[in-house]
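Following: one structure in structure tokens, then a few remarks.
Sequence lines set the chain letters: A, B, ... in the order given, protein chains first and strands last, and positions in each chain run from 1.
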Protein chains: 2
Amino acid sequence: MATIDDVAKAAGVSASTVSYVLSGKRPISAPTRARVERAIEKLGYRPHAGARALASARTNVIALMAPLRVGVNVPVIMQFVTGVVTRARDFDHDVLLLTQDDVSGLDRVTGGSMVDALVMMDIEADDPRVPLVAAAKQPSVLIGLPEDPEGLSCVDLDFEAAGRLAVRHLAAAGHADVALVGSPPEVLRRHTSYAERLMRGLRNQARASDVTVRVEACDSSPSGASEAVDTLLAAAPGTTGIIVHNEGALPHVLSRLAERDIVVGEDMSVVAVCPRDVALAQRIPMTSIDLPAEDIGRVAVDMVMARLDGEHPSETRLLAPVLTERESSAPGPAAGDG
Amino acid sequence: MATIDDVAKAAGVSASTVSYVLSGKRPISAPTRARVERAIEKLGYRPHAGARALASARTNVIALMAPLRVGVNVPVIMQFVTGVVTRARDFDHDVLLLTQDDVSGLDRVTGGSMVDALVMMDIEADDPRVPLVAAAKQPSVLIGLPEDPEGLSCVDLDFEAAGRLAVRHLAAAGHADVALVGSPPEVLRRHTSYAERLMRGLRNQARASDVTVRVEACDSSPSGASEAVDTLLAAAPGTTGIIVHNEGALPHVLSRLAERDIVVGEDMSVVAVCPRDVALAQRIPMTSIDLPAEDIGRVAVDMVMARLDGEHPSETRLLAPVLTERESSAPGPAAGDG
DNA sequence: CTGAAAGCGCTAACAC
DNA sequence: GTGTTAGCGCTTTCAG
């Protein structure tokens, strides 16, 4: 492999000049630049990442911690990942992928200066990783919200507002008894940030809108979804509005309703909280609150990069939920009243 | 951050001694080792990855190129990824994730010595990345098979054998007219390695077993699956055996058959080629040829690590397919004959 | 606008 | 069993 000295020699300049044409950190005359660039080209020169990291304290790599926990929806995770990876490239950064949720990986990559910054997904209310990244010398942003986001940078859909919005939508359409078919029990047991926030918004708005809301955890399997639907309708047969916050279960929930001869969009209004493509891929186009996963991934990178060079303070950004009416929701029993 | 010199000073030894207790590359007396370890502990010392890479020409990072192309099944991809990442950790390596299928990423990470080795997924028959990695100084292994695997290390399920096995199974059960519901058209258009190999095996065995085989590309959407099934049965109404090689479409294929009052496991035998968990998650447990994605990811890492330190030659490893009979296949029209 | 030179923090001969 | 030392290839002052 050619080194910077080889290039310098070939171009008849010093190594520092080569370095500067590469970094653009000082003006270079046109002819010099041309000679250097030609030499680089000719030798197929690539700066050595390690040497660069050592000299500049910059690796041009960010860590992405995407724990693949049981109960998470893999395609949605990958939408976040895609957003992060593509946006990172825009900043000339690569992505080191950590999938284990243990804490040693964090130590290794931060302490060893393997990365310039971190993005962490799947945050739990009281996440053991949070104090660690807060103490790291690298900036980080969390996708999700810990119990106490003080001093941290976070970004996510505003799930609490999404919960409110979903209930408000159903209530306004005349549904007095609504229900949530939510995340798998494992996800709830871990106090995963997004699940809890959605439920909080849901309950608050139910109180405010004077509707009842029943909450049902839901495994993502066909049988899990069937059970959730059956339990729900046994306990609250008057339910006319369902909010589904579980991408994996969504198709099976719809199947079960169909099996029970409940027509979605007529007998039952269903609002999904999920990525747009998931909402559109169901048997009927779903009224949904979009989870812009790829966007969120992108924003996470923007934020972490801003903190990396500017002296931007930490901030938490909650994206406002947007509800799009499609064919799965309709006016309910009380429509036209009052 | 503490450096190796800080540790050396604190332990009253030289820096090289610290280096050697860390690497184990030469014997250290018990008391010295103890002092060094205590100093490391006390100072929270972590070797600087860049410095290490520079001095040792080893990064302890491998690149994983997992292009997220249209038509690929994301959860299956993630099974490969999981296998690679977890196995890499066993070798004390981290994983740099490249998702773009362009070729510049390869250049960057190999030329810049960012990684010790590469694993590449989703290989196409005539893949432009292949000549590049073949020329790189780092060893690489492909998950999948290019046109000409000469001199490369490859690992995959033996899809050609899988195709043969599936047909042989159906033929032996007395099915004379079988069909493939295959990958999405985009995947075929790219001449993706696994799709083509399965089809080759299929056709060869059909000839050998004297059964007819019809091939239908299949979009992974519900409508795509319905269309494929309908087209298939219109063109070849006598079909009694279907091989499905498309995880995303599988549930929809089964739904469509159900809609048409075709009872899988009685009127129609279906053999799936997919990961075990996918086969078991269907409406009935599927007779399937297992795609051991996570295993393959692990083996890929084993192979690349073997090439990294030993002087193992390149090899291609095709895992023998295993068919497990479950409830979706049964004897066909000609059963008991001959 | 360009060059010289001092490190960045670690590894691995080479000594003893 | 341990220490000394010469780099690894780059960035970035400091000079001019």
So which protein N/O to nucleotides 12-16 of chain D N/O distances come out below 3.5 Å?
from: dT12(D); atom 1: OP2; to: K25(A); atom 2: NZ; distance (Å): 3.2

Counting only pairs under 3.5 Å, give me each side-chain donor-acceptor contact of residues 6-13 of chain B, with atom names and distances, residues two or more places apart or in other chains.
from: D6(B); atom 1: OD2; to: T3(B); atom 2: N; distance (Å): 2.8

Reckon G112(A) touches a base, only the sugar-phosphate, or nothing at all at heavy-atom distances under 4.0 Å? nothing
Hey, are R307(B) and S314(B) close enough side-chain-wise for a donor-acceptor pair under 3.5 Å? no
Is there a donor-acceptor pair under 3.5 Å between the side chain of D158(B) and the backbone N or O of L318(B)? no
Check whether any side-chain N or O of R52(A) sits under 4.0 Å from OP1 or OP2 of dT11(D), and answer yes or no. yes
Only pairs at least two apart or in different chains count here, so list each side-chain hydrogen bond (donor to acceptor under 3.5 Å, both in side chains) that has a residue in residues 68-89 of chain B. R69(B)-D101(B), R69(B)-D122(B), R69(B)-E124(B), Q79(B)-D277(B), R87(B)-D90(B), R87(B)-D302(B)
Between N60(A) (CG) and dT11(D) (P), how many Å, whole number? 10 Å
Which whole-number value in Å describes the distance from I4(A) CD1 to dG9(D) C1'? 8 Å
d(CG, L22(A); C1', dT11(D)) in whole Å: 11 Å
Quick one: M114(B) CE to dG9(D) P, roughly how many Å, whole number? 17 Å
Looking at T59(A) and V61(A), would you say the former's side chain and the latter's main chain have a donor-acceptor pair under 3.5 Å? yes
Do R197(A) and D156(A) sit within salt-bridge range, that is, some charged N less than 4.0 Å from a carboxylate O? yes
How close or far is atom C1' of dC8(D) from atom CG of D6(A), stated in whole angstroms? 13 Å
For L152(B), which residues count as a side chain to side chain contact (heavy atoms under 4.5 Å, CB included) partner, sequence neighbours excluded? V130(B), A134(B), L142(B), P146(B), C154(B)
With heavy atoms of chain B within less than 4.0 Å as the criterion, where does contact along DNA chain C begin and end? dG9(C) to dC14(C)
With heavy atoms under 4.0 Å as the rule, sort V13(B) into base, sugar-phosphate or nothing. sugar-phosphate
Using a 4.0 Å heavy-atom cut-off, does R46(A) contact any base of the nucleic acid, only the sugar-phosphate backbone, or nothing at all? sugar-phosphate
If you measure only the distance, is there a donor-acceptor pair under 3.5 Å linking the side chains of R33(A) and S29(A)? no
Separation between CZ of R46(B) and CD1 of I4(B), rounded to the nearest 0.5 Å: 14.0 Å
Side chains of S19(A) and K25(A): donor-acceptor distance under 3.5 Å anywhere? no
dist S113(B):OG -> L54(B):CG (nearest 0.5 Å) comes out at 10.0 Å
Give me the residues of residues 29-45 of chain B where at least one heavy atom lies under 4.0 Å from an atom of DNA chain D, by number, or none. S29(B), T32(B)
